Amino acid sequence: MSGDECEVVTTGDGMSGDECEVVTTRDGARAMLDRRVGEVMHPVVGPAIEAARLYVGPSRLAARLAAGGEDPLLLLDVGLGAGSNAIAAWRLSESLPASARPLTIVSFERCLDPLRLALAPEHAGSFGLAGAAGEAARALLARGEHATARTRWRLVTGELPDTLAGEPADAADVVFWDPYSARQNPTLWSVAAFAAVRRCCRVGVTLHTYSGATATRAALLLAGFVVGVGDASGEQRAGTCAALRRCDLARPLDLRWLARLSRSSSALPADAPADALQRISRHPQFAENM
């Protein structure tokens with residue numbers, strides 16, 4: 001969605017819904033503004049490009065599905081919003097041959113207004129929701145699930161991290177973490193939230209988020225992940241990638257980051273324990289760098 005490190009779009013001639021508005025970014029892309037929190041989903045470059053650059057591409061989703069296998073790859077899509085990340089993954093899965101590994105997407109969201117507005121006929125094309133993709137998203141809204149021979153898409157509504165407690169442990173292969181920024185939604189950038197999703201992850205998982213904030217990376221480390229630098233989208237600074245194994249990270253945080261952590265004025269999430277800096281300094285990820 002939108003992060004506190006991002007430049008916000010310039011609003012334009014967007015059509016309005018009850019709580020949301022479709023606006024035009026400085027780069028000319030259409031994006032969704034949520035008036036309740038004052039943040040734009042996928043600012044600057046727009047939803048399609050950001051979904052590809054920050055989530056689908058870095059997760060190596062195409063290669064992981066193309067490798068085949070009968071057991072579905074499980075993607076947890078945290079922060080459905082207007083559906084951009086999930087629908088990018090859905091389109092990729094649907095484009096692959098029958099021999100590819102099937103995909104299960106579980107999208108988490110507490111408010112469905114952005115997706116409803118994105119599905120309006122005048123906006124569907126801008127949000128990748130024309131044709132079969134739009135039919136899948138409308139079925140998701142109507143029934144909470146949509147399934148084809150290749151892809152199952154399920155919706156979970158309610159407040160995180162509580163809704164994650166209803167998901168199976170040690171099952172997720174990929175996590176797209178895309179809620180509103182810590183400024184607007186601090187609960188979802190906490191140690192508790194990342195610990196809740198950590199319970200759902202199995203070995204080989206990768207988690208991807210737009211936030212490159214020091215506190216985000218600290219919260220992930222305290223929740224039991226190994227953490228690295230993610231990709232960037234447009235002018236946004238690099239995001240974050242996390243995993244359960246250091247070998248699954250292309251650019252793991254190193255001792256230089258650990259040194260900067262001790263000097264940061266906003267280093268830790270609000271629910272960090274009193275000895276958080278000591279715990280992070282003893283994290284196996286950094287021991288391996290010594």
Side-chain angles (χ1 to χ4, degrees), residues 1 51 54-81 83-90 92-93 96 100-110 140 144-147 150-179 187-211 216-217 219-228 230-231 239-250 252 285:
M1 291 188 182
L54 293 184
Y55 298 100
V56 174
S59 67
R60 299 180 54 254
L61 191 58
R64 292 164 85 166
L65 292 175
E70 296 182 1
D71 181 31
L73 183 146
L74 177 59
L75 163 63
L76 302 185
D77 169 48
V78 178
L80 171 66
S84 301
N85 298 333
I87 211 64
W90 185 92
L92 172 62
S93 177
L96 296 174
R101 188 177 182 184
L103 174 67
T104 294
I105 306 168
V106 182
S107 290
F108 297 82
E109 185 56 76
R110 64 182 178 183
L140 190 77
E145 186 169 350
H146 179 268
R150 288 233 11 94
T151 316
R152 181 189 178 205
W153 189 9
R154 180 165 61 88
L155 175 64
V156 178
T157 56
E159 294 289 340
L160 284 164
D162 292 345
T163 48
L164 284 167
E167 297 303 309
D170 305 321
D173 299 288
V174 177
V175 179
F176 293 168
W177 195 268
D178 195 20
T187 301
L188 296 195
W189 302 95
S190 63
V191 179
F194 288 127
V197 77
R198 164 67 179 82
R199 183 194 67 84
C200 300
C201 295
R202 62 177 158 189
V203 173
V205 72
T206 55
L207 179 152
H208 307 267
T209 182
Y210 64 84
S211 175
T216 295
R217 293 172 176 174
L220 283 161
L221 287 163
L222 290 166
F225 288 95
V226 293
V227 180
D231 287 30
T240 297
C241 180
L244 300 186
R245 303 180 301 193
R246 193 171 181 273
C247 63
D248 292 320
L249 299 177
Q285 171 169 344

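Here the structure is a predicted model, which is why all the values come from computation and not from measurement.
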- Note on the structure: Heavy atoms of Ala86 and Asp77 approach each other most closely as CB-OD2, 3.4 Å
Without placing hydrogens or testing angles, list every side-chain donor-acceptor pair under 3.5 Å for residues 155-164, not counting sequence neighbours.
residue : atom : partner : partner atom : Å
Glu159  : OE1  : Arg110  : NH1          : 3.4

- Message: Within the structure provided, determine whether Val174 and Arg64 are in side-chain contact (heavy-atom separation under 4.5 Å).
- Response: yes
- Using a 4.5 Å cut-off on heavy atoms from C-beta on, say whether the side chain of Val226 contacts that of Pro252. no
- Message: If you define the side chain from C-beta out and look only at heavy atoms, does anything of Thr209 sit under 4.5 Å from Val78?
- Response: no
- Message: The criterion is side chain to side chain donor-acceptor pair (under 3.5 Å); which residues satisfy it with Trp153, sequence neighbours excluded?
- Response: Ser107
- Task: Kindly give the heavy-atom pair with the smallest separation between Ala193 and Ser190, and that separation in Å.
- Result: N-OG, 3.1 Å
- Message: Tell me the closest heavy-atom pair linking Leu249 and Gly228, and the distance in Å.
- Response: CD1-N, 3.6 Å
- Message: A side-chain contact here means heavy atoms from C-beta on lying under 4.5 Å apart; do Trp90 and Leu103 qualify?
- Response: no
- Evaluate the criterion side chain to side chain contact (heavy atoms under 4.5 Å, CB included) for residue pair Leu207 and Cys201; output intermediate values, then yes/no. CA-CA 9 Å; Leu207 179 152; Cys201 295; 5.8 Å; no
- Query: Which atoms form the tightest heavy-atom contact between Thr206 and Asp248, and what is the distance?
  - Reply: CG2-O, 4.0 Å
- Over all heavy atoms of both residues, which pair between His208 and Cys241 is shortest? Give the atoms and the distance, please. CE1-SG, 3.6 Å
- Any side-chain heavy atom of Arg152 within less than 4.5 Å of one from Pro72? no
- Message: Any side-chain to backbone donor/acceptor pair from Glu145 onto Arg154? Under 3.5 Å, distance only.
- Response: no
- Tell me, do Leu140 and Leu80 make a side-chain contact under 4.5 Å, heavy atoms counted? yes
- Query: If every non-hydrogen atom of Ala66 is compared with every non-hydrogen atom of Leu96, which pair is closest and at what distance?
  - Reply: N-CD1, 4.4 Å
- In Å and rounded to the nearest 0.5 Å, what is the OG to CZ distance from Ser93 to Arg101? 11.0 Å
- Can Arg245 and Val203 be said to form a side chain to side chain contact (heavy atoms under 4.5 Å, CB included), step by step? CA-CA 7 Å; Arg245 303 180 301 193; Val203 173; 3.5 Å; yes
- Query: Just one of Trp177, Phe176, Tyr55, Trp189 clears the ring pair (Phe, Tyr, Trp, His ring centres under 6.0 Å) bar with Tyr210, so which one?
  - Reply: Trp189
- Query: Which is it for Leu61 and Leu73 under the side chain to side chain contact (heavy atoms under 4.5 Å, CB included) test, yes or no, and what are the steps along the way?
  - Reply: CA-CA 9 Å; Leu61 191 58; Leu73 183 146; 3.9 Å; yes
- Message: Does atom CZ (Arg60) have a neighbourhood of more than 12 heavy atoms from anything else shown, all under 6.0 Å?
- Response: no
- Message: Strictly by salt bridge (charged side-chain N to carboxylate O under 4.0 Å, His left out), give each pair with a member in residues 197-206 just once, sequence neighbours left out.
- Response: Asp71-Arg202, Asp173-Arg202
- Item | Rounded distance (nearest 0.5 Å) linking atom CG of Leu221 with atom OG1 of Thr216 | 11.0 Å
- Partner of Val205 under side-chain contact (heavy atoms from CB on, under 4.5 Å), picked from Leu76, Leu244, Val197, is Leu244
